[in-house]
Structure formats: structure tokens, C-alpha cells
Amino acid sequence: MATINPDNHGLRLILRYTVLTLIAVIFVFPLVFMVMSSLKPDQQLLADTSSLRAFLPVGDISLNNYVAAFDRAPVGLFVMNSVIVTGVTVVLSLLVCSLAAFSFVFLNWRGRGVILSVILATLIVPFETIAIPLLLIASKLPWIGAEGVTIGWLNSYRVQIVPFIADGLTIFLFVQYFKDLPGELIEAARVEGASWPQIYRRIVMPLAGPVIATAAILKFLVMYNQYLWPLMVVQQESYRPVMVGLQYFFQLNRAWGEIMAYLSLITVPVLAFYLFLQRAFIASIASTGVKG
Amino acid sequence: MADVKLRGLRKSFGAVDVIKGVDIDIADGEFVVFVGPSGCGKSTLLRMIAGLEDITGGTLEIDGVVVNDKQPKDRGIAMVFQSYAIFPHMTVRENVAFGLTINGLAKAEKDAKVAEAARILQMEHLLDRRPSQLSGGQRQRVAIGRAIVRDPKVFLFDEPLSNLDAALRMDMRMEIGKLHQSLDATMVYVTHDQVEAMTLADKIVVLRDGLVMQIGAPMELYHNPANLFVAGFLGAPSMNFITVDVQAIEGDLARVSHPALEPIAVAHKGRDIRAGGKAVLGVRPQYLAPVEGPAGMLHGTVALTERLGSETVVDVTLRDGSKIIAAIGEDRVYPTGAGIGLRFDPAQAHLFAVD
Ligand SMILES: Nc1ncnc2c1ncn2[C@@H]1O[C@H](COP(=O)(O)OP(=O)(O)OP(=O)(O)O)[C@@H](O)[C@H]1O
Ligand SMILES: [Mg+2]
């Protein structure tokens, strides 16, 4: 290995940060454009797109677009719907899929190999393929609620949540991670008297921080961006999620400023989730010393 | 505290038989060491006792109860793993207390037991650290601490010292020995380190390919190996073997000869040795003494000398081309190529049937 020349080292550091900054800027620009445009009237917005002014808060700046967006659509309701559906699905999915993976990796039962292969095979089936059959099933499922037994799950949160709780990719991520955990840790816990549920709760999950974060981000993005499925199963405004809500802004007199305002608003939960996860993720790695 | 009985224990992984019928009696409070070459099934046997591997056949009894189908947690055992297997997300205190927490012990009682274990292992100052902040030897202490707080009936160790450097290994070996004396507990210990086996064991079990070759006290095995394998496995450098011609059987003795050896009479111990046939003569390198001139019983030339200070290890090529090793208990110089005569007491030699 070459000896480290301090000058050269500094130069390399500068170069590295330049490249990283450049990449960051490329990723951030669309977001900046979105937020800046949401503050401008349509005419100026369209005129600015041909220059760097598109990324600067200049000219006729106001929150008028936001007011208009709230007038046009129940933005708060849509965001709340999406946050509920996404939040519940992410939590349940992490729970169910990690339990499934735990069973596949640590418990010894007949046929688990075959069943795992079948689950992994579902990874290559696109959602569009099963959307129609799923719709038929969902429309006939019974439910016991306040109004007694009802048939059909359409127009509800549950129809947006339940089909996405168990999924092959999340199970796969957990299976891979669990397989790499040192087997002697599990064995030590068994010898110490821990039951399987205790091993899951006290040993395996506390060590699974990195994979929980990864799976949560992937699931969050999929769920928050749901469009086709809610379009099919939700007709009532009261259960409509954000992406379907976007339609309101493309009907009649299209207003780009309002669209940008709406998009800026619905991005807030995504950013909040990322920031939350980043802190949890770093804390988990720092405390376990398990490197992903 | 408890005794452990293995009766006809067998284990197969699929079509591969790994443990092929093992009978061992481990008395209450005994320190038993399993030794054998790599892959002979030591760990598998230990894990069967722990309940981490299913038992294919035979019975396993702990404290008079057949535990074949019991979960590890119901067997009253504690185990120390080669990798220590301490939980990285818990402090040392939480690690040591893990089994007690799982069993729902009250906090005061738990704290007292952890403090006691920490005192015995001299790791009070480490209790609030994370495993990543510990050295290898300290991690080992944590693993042992976790085992002793629960007062198990039987302690199981799988090569607990093999990841430590030589000096630390010696310290820890002595500590484990002391621990055994002070706890007076039944311990089963797997190692492939002969020194650990000889110094710690009340009883050594030598395994080979899933079968017991011999069970006995360390010195019993050293001085009276039952077969060629045990004779060659224990002791360093290993025992010299010379294939000899059996001339006659005279009572308890067999008269044997070899081109490089004056005829001698060695006890045959009822082994399958016949006049006119072949046998294997075994002599430990330490029992070979050099003699001046042609008076020796074995004659050869010096091929290599290793001077270790307290001992000189000489590789000798015998007249017929076979090689033996002599370990001479002082610092001596032997020029390579010089003739050398070696003498030994036939009472300290062993005679085995050829395999
Ligand atoms: N899960 C398993 N599946 C198949 N074969 C196994 C399994 N575990 C162990 N074996 C085989 O069983 C034999 C004994 O293994 P074991 O680990 O008990 O050896 P060991 O005596 O502890 O060796 P070492 O000194 O190297 O630790 C080996 O041949 C090994 O390949
Ligand atoms: Mg082993």
C-alpha cells in the first residue's frame, strides 16, 4: 500500500466531496424546482423553465397556489388516507414478513424449502397480472363491522392494506439477513432458556435494524405511490390516497402551480419518514455493532 | 449437579453417520474432555448433549432422566461456544443476566447473582460495557459468566479457548480449572489441544470417526493407551512406531526384533500378536536415551536436531531407513549424519497388533 501523502490526501478529499455534491445537486434539483414552482403563478412558472430562474424564488412569490390546491381537492384527507394506509401496511408487513422469514430460517418444518421457493417465485409476477383476480376476490370478501356482516371490501382502508402486507421481496430480504446472523447466537439463546418467540423478540429483531430499515423504505415507497389498485377499488373520496388525488388537478383548467403545490405537500410525509428512519437506522447500527 | 449417561448414542446427517454408537458415563462433578482429530464428531456429540442436534439413536440421560426429546432449555445445561456467542446488542450485565431475565427472576436476586458471577470472573468493571468494547479474553469471561449464573447441572464447553492467544489461553485454562474446583460442577469440554485435555480432565474420551477409542484418566491414557490411535494421538512429539517381527511369545511377554533393534521382550497385554507375525512397537520419544558407542538397543544416524533449550529433539534415521524421534531432556549437540545409539526400558514400551 502506498504511504499517505497528506497533501494528496486533502486533494482526494476535495475531489470526493465535489463529486458527492454534484450527485446530491442532481438529485435535489427536481425537488427544488417543484417547491419553487409551487410559489409562482402559472405564467411566470412556464416562462422561468427556460432559465436558471426555475430554481430560484424570484418574481411574483406567494402561497396562492397552496390555497387554490386546498380549494380544489381535500388535500389533507388524501394525505391522511395515504399515511394511514402506508403506515399500517409498513408496520404489519415488517411484522408478518419477518415472522415468516424467522420460521423459514430458524424453525425446522417439513416443506419449508418448497414453500419458500414458491414465495420467491411470486417476485417475478407483476401486480398488473393479478390485479383483476384480486379485485374479484376483494369485491366478494365478507367483513364484520358496525353494520353487521357485509360483503365486499371495496371503498375501505383494508382493501388497500391487506393485499400488500405479505410480500415476497420483504420476506426475501429478511430471510437473507437472518441467514447471515451467527447461528451460535440463536443456539446460545436456546440453551439459556429462551423460547422461539423470545428469540424473535429479544435476539433476532434487535439485531435486524439494517434490514428493517431497508424493507420499511421499499415498502413505504410502494405503498405511498399506490395508484392502479386504489383507482380500481376506491370510488369514495373519503378513502382516496394521494396519487389518485392527483387526478383532481388534471381535470378542467389545468394549473401547473397548483400541481406543484400539491406535489410539494404530499412529499412532506416521505421526507419525514426518511429522516426518522435515518436516525433509527444509525442508532441501530451504532448499538449492535452488526455491520450490514 | 448431575451425572450424564450416553448409551449407544448415534447421529446421522442424512445418509452420513457421524456418531456411530457412543457409550460414556460422566459422574457427578466430573470434568470430562472429548478429544480427537478434526471432524471426528466432538462438537456434534456435545451439541447432542446440549439438545442442539437431534439424537438419531440411543439414549441420553442427565441426572437420571432420559432427555432425548427435551428442548435445550429443559435439560439444565449451560454452554460456552467457541465464538463466545455473546449478544452484541446487550451490555455485559444484560448478557450475563439473559437466562435469568428469560426465567423471570426478580431484579434483586438477578443483580446479586450477576454480581457474584462478575466477582468470581473478576469482571465487575466490565458490566456496563458493550461486547464490541471487550477483548477476546473478556468476551470469554462474559460467556462463562452467562453460564455460571444459572447454576446449571452440566456445563458444556466447545473449544472455548481456541480463539485466544497462547498466553491468554494458559491463563483461562487455569481459571476454568479453578472454576471447576470451586463450583464442583459436572463439565464436558471439547478441545483438540492436548495440554488442555491432560491438565483439565478427570477423564478423557478419545474419539475417532464417531467412535470412542478409549476412555480414562489422562495418565492412564498416556501410560496405557489401548490402541495405536490413542498411543499416537496423545503426547508430543507423538509416540514412535516401529513395525517389528514377533519371534516368540513367552508368557506375558513377546520377544520381538527389527533390523535396527536388539531383540527385546515387551508385554503383549493379550493383544492379537502371534509368533512369526508382525507387531507394532511403540516408544515415546521422551523414553529414548542416547548411549555412547554401539551399546544402544536402536541404531541409526542423526537426520536433524531441534534444540529447544530444555529439550533436544533429534530425528533419527534407523538402519532400515525408518525414522524415529528422540526427545532428550537436556541441551545437547548432535552433528547431522553422526551415528547414534538409543536405549529404552522395555517396560515403558508398548506392543500393538498391526491394524
Ligand atoms: N449439519 C451438518 N450436516 C452435515 N454434516 C455435518 C453437520 N455438522 C457436522 N457434520 C459432519 O459431521 C462430522 C463431525 O463434525 P463435528 O463438527 O462434530 O467435528 P469436530 O470433531 O467438532 O471437528 P473440529 O475439531 O474440526 O471442530 C464432520 O464430518 C462434519 O462434516
Ligand atoms: Mg468442533
Side-chain angles (χ1 to χ4, degrees), chain A residues 94 98 102-103 105-114 174 177-216 277 279-292, chain B residues 43 46-47 49-54 70-91 94-105 129-134 139 142-160 163:
Chain A
L94 291 178
S98 64
F102 184 87
S103 160
V105 174
F106 298 117
L107 306 186
N108 207 343
W109 43 280
R110 276 174 85 84
R112 66 197 217 270
V114 178
F174 275 107
Y177 192 84
F178 288 171
K179 273 188 183 160
D180 287 343
L181 287 177
E184 289 196 342
L185 285 184
I186 313 297
E187 292 178 343
R190 287 182 66 197
V191 169
E192 287 296 304
S195 61
W196 286 115
Q198 284 169 325
I199 292 173
Y200 171 81
R201 206 170 66 77
R202 290 176 183 269
I203 308 291
V204 172
M205 288 314 267
L207 292 175
V211 69
I212 291 174
T214 312
L277 217 60
R279 299 183 109 189
F281 184 67
I282 289 169
S284 137
I285 289 186
S287 78
T288 60
V290 173
K291 283 147 205 118
Chain B
S43 299
L46 195 74
R47 292 165 54 83
I49 299 175
L52 296 170
E53 302 281 2
D54 299 337
K70 288 209 173 163
Q71 288 290 311
K73 64 186 168 79
D74 303 323
R75 295 190 180 194
I77 46 124
M79 184 155 172
V80 176
F81 294 82
Q82 187 172 4
S83 67
Y84 318 142
I86 49 182
F87 308 122
H89 57 298
M90 298 180 193
T91 62
E94 289 164 343
N95 262 287
V96 173
F98 182 78
L100 306 176
T101 310
I102 289 288
N103 285 324
L105 210 68
R129 291 211 202 161
R130 297 240 169 221
S132 55
Q133 301 163 324
L134 300 179
R139 286 176 204 205
V142 177
I144 294 174
R146 188 173 64 189
I148 64 179
V149 282
R150 286 191 301 121
D151 285 331
K153 292 180 189 165
V154 181
F155 286 88
L156 306 175
F157 297 87
D158 192 355
E159 306 203 28
N163 288 340

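In what follows, every heavy atom counts, from backbone to side chain, and hydrogens, waters and symmetry copies are set aside. Fair warning: this is a prediction, and the values are worked out from it, not measured in the lab. So you know, we letter chains A, B, ... as the sequences are listed, proteins then strands, and number each from 1.
- At a threshold of 4.5 Å between non-hydrogen side-chain atoms, the residues Arg47(B) and Val191(A) do not count as touching.
- When every heavy atom of Arg146(B) is checked against every heavy atom of Ala188(A), the shortest pair comes out as NH2-CB, 3.5 Å.
- Every residue two or more places apart in sequence or in another chain was checked for a ring-ring contact (aromatic ring centres under 6.0 Å, His included) with Tyr84(B), and none qualifies.
- Heavy-atom minimum distance, Gly51(B) versus Arg190(A): O-NH2, 3.9 Å.
- Here the side chains of Leu52(B) and Glu184(A) are not in contact, with every heavy-atom distance at 4.5 Å or above.
- No side-chain heavy atom of Ile102(B) sits under 4.5 Å from any side-chain heavy atom of Glu192(A).
- Interface remark: Glu187(A) contributes backbone and side-chain atoms alike to the contact with chain B (heavy atom separation under 4.5 Å).
- With a 4.5 angstrom heavy-atom cutoff, Leu100(B) does not touch chain A via any of its atoms.
- With rounding to the nearest 0.5 Å, the separation of CD in Gln71(B) from OG in Ser195(A) is 10.0 Å.
- Open room surrounds CG on Asp54(B); 12 or fewer heavy atoms of other groups in view lie less than 6.0 Å from it.
- Scanning all heavy atoms of the two residues, the minimum distance from Lys73(B) to Ala194(A) falls at CD-O, 4.2 Å.
- At a threshold of 4.5 Å between non-hydrogen side-chain atoms, the residues Arg202(A) and Phe87(B) do not count as touching.
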